[in-house]
There are 2 protein chains.
Amino acid sequence: MIYDVYSEACPTRLVLDRLADKWVLLVLGRLTEGPMRFNHLRREIEGVSQKVLSQTLKRLERDGLVTRQAFPTVPVTVEYAITPLGRTLSETAQALARWAETNIEAVMAAQAAYDAQAGGQTSRATT
Amino acid sequence: MIYDVYSEACPTRLVLDRLADKWVLLVLGRLTEGPMRFNHLRREIEGVSQKVLSQTLKRLERDGLVTRQAFPTVPVTVEYAITPLGRTLSETAQALARWAETNIEAVMAAQAAYDAQAGGQTSRATT
DNA sequence: TCTACATGGTTTCAAATTGAAACCTGGTTT
DNA sequence: AAACCAGGTTTCAATTTGAAACCATGTAGA
């Protein structure tokens, strides 16, 4: 059986759609360093809301990319960790984040050039 | 100046958010093979609507990742091509798509296991 | 001439997704 | 008792999405 993300009905589409998410990439990147508690993750990944972090982790758990373990400590402690399967992905996931950090200046320069020149214009063809 | 995608205010966040998109990854993957016309891309990338493809390409152009060239042929021909900057990204972008294709079965198995066992349950801690 | 079709889009509008903020459930310290 | 911790869920308004319709231009067919 051959899978192809370019085919609409292919189940890989569902997976790709899930991975291609800012929060997923950031969560996996952090968990690569080691297990982490919910609120710790929340503080590390600035700007993520509780709801979204909760949903993201739940999906990642279902997909077998992270595990969730609760400890019956004083206030309950919940620790999330990356699985071996998740680890095979995190390298690639982090590469995207690193690309953004490395190439942000080139992208911003391109945006400035685009906005300055063709910004509001209607597309002129080969004029 | 140090950029960090984990910081809320960092401009790399905007870039990461743009890249972390299913359609962006698929478009870049296809354009890596060579320039392509609008409707050709639309047919290759099954399931993408005209509006979304149009928006995606416009953003990628502004970000300096693809170029748009219109030819005054019979029905106008518009060709999109990847830029050198875009090419530095496409390797990574495609790696995500390939990961999905390679690991889809492991993911589906994990989902089935999760649904069968803990699916509707309330989280039981370390029981 | 009237209809139909091709390219490359934009517009419209209902439906799904998101995010901020409030709330909840224990249990603990002050 | 009031307030705070962890780890969530719920609520609701606003943004984003997607399907479908429309538009401009030009060609070919009946």
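Note on naming: letters A, B, ... go to the chains in the order of the sequence lines (proteins, then strands), and numbering restarts at 1 for each one. The structure displayed is predicted, hence computed values, not measured ones.
When side chains are defined from C-beta on, A:L14 does not count as touching A:D17, because their heavy atoms never get closer than 4.5 Å. Proximity of B:Q94 to B:L28: side-chain heavy atoms (C-beta onward) are nowhere separated by under 4.5 Å. A 4.5 Å side-chain heavy-atom check between B:D4 and B:T12 finds every atom pair outside the cut-off. Using a 4.5 Å heavy-atom threshold, the side chains of A:L96 and A:K22 count as separate. A:L31 places a side-chain heavy atom less than 4.5 Å from the side chain of A:V66. With a 4.5 Å cut-off on side-chain heavy atoms, A:R68 and A:L57 do not count as touching. By the 4.5 Å heavy-atom criterion applied to side chains, A:L89 and B:N103 are not counted as neighbours.
Near DNA chain D, meaning a heavy atom under 4.0 Å from it, residues 25-36 of chain B has no residue at all.
Nearest nucleotide to the B:R68 side chain, out of C:dT7, C:dT10, C:dG8: C:dG8.
Nucleotide C:dT17 holds its C1' atom 13 Å from the CG atom of B:D17, rounded to whole Å. Between the CZ atom of B:R42 and the C1' atom of C:dG8 there is a distance of 9 Å, given to the nearest Å. The interatomic distance linking B:K58 (NZ) with D:dT16 (P) rounds to 15 Å, in whole Å. Whole-Å rounding puts the B:L53 CG to C:dT7 C1' distance at 13 Å. As rounded to whole Å, 11 Å separates atom P of D:dT9 from atom CG of A:L57. For A:F71 and D:dG8, the CZ to P distance is 13 Å, given to the nearest whole Å. Between the CG atom of B:N39 and the P atom of C:dC5 there is a distance of 16 Å, given to the nearest Å. Regarding B:H40, its NE2 atom lies at a distance of 16 Å from the P atom of C:dG9, rounded to whole Å.
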Which side-chain N or O atoms in residues 34-44 of chain A pair as donor and acceptor under 3.5 Å with protein atoms at least two apart or in another chain?
from: A:E44; atom 1: OE1; to: A:R30; atom 2: NE; distance (Å): 2.7
from: A:E44; atom 1: OE1; to: A:R30; atom 2: NH2; distance (Å): 3.3

Contact list (N/O, under 3.5 angstrom) for nucleotides 17-22 of chain D vs protein:
from: D:dG18; atom 1: N7; to: B:K51; atom 2: NZ; distance (Å): 2.5
from: D:dG18; atom 1: O6; to: B:K51; atom 2: NZ; distance (Å): 2.4

Sort me out a list of protein N/O and nucleotides 26-30 of chain C N/O pairs below 3.5 Å, or just none if empty.
none

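In plain terms, the two heavy atoms of A:P11 and B:M108 that are nearest each other are CB-SD, 4.1 Å.
Checking side-chain atoms of B:E79 against main-chain N and O of B:A70 turns up no donor-acceptor pair under 3.5 Å.
With rounding to the nearest 0.5 Å, the separation of SG in B:C10 from CG in B:L16 is 10.0 Å.
Between B:S54 and C:dT10 there is a side-chain N or O to OP1 or OP2 distance below 4.0 Å. The side chain of A:Y80 places no N or O atom within less than 4.0 Å of a non-bridging phosphate oxygen (OP1 or OP2) of D:dA6.
As judged by a 4.0 angstrom heavy-atom cut-off over every strand, B:T73 is placed among residues making no nucleic acid contact.
Defined by atom type and a distance below 3.5 Å, a donor-acceptor pair is missing between the side-chain atoms of B:Y80 and B:E61.
By the neighbour-count criterion of 12 heavy atoms within 6.0 Å, atom CD of B:Q55 is densely surrounded, having more than that number from other residues, nucleotides or ligands.
Each end of the helix from C:dT1-D:dA30 to C:dT30-D:dA1 gets its own axis, taken as the rotation carrying the C1' atoms of four end pairs onto the next four within a five-pair window, and the two axes meet at 30° to the nearest 10 degrees.
Judged as a side chain to side chain contact (heavy atoms under 4.5 Å, CB included), and not counting sequence neighbours, B:P75 has no contacts.
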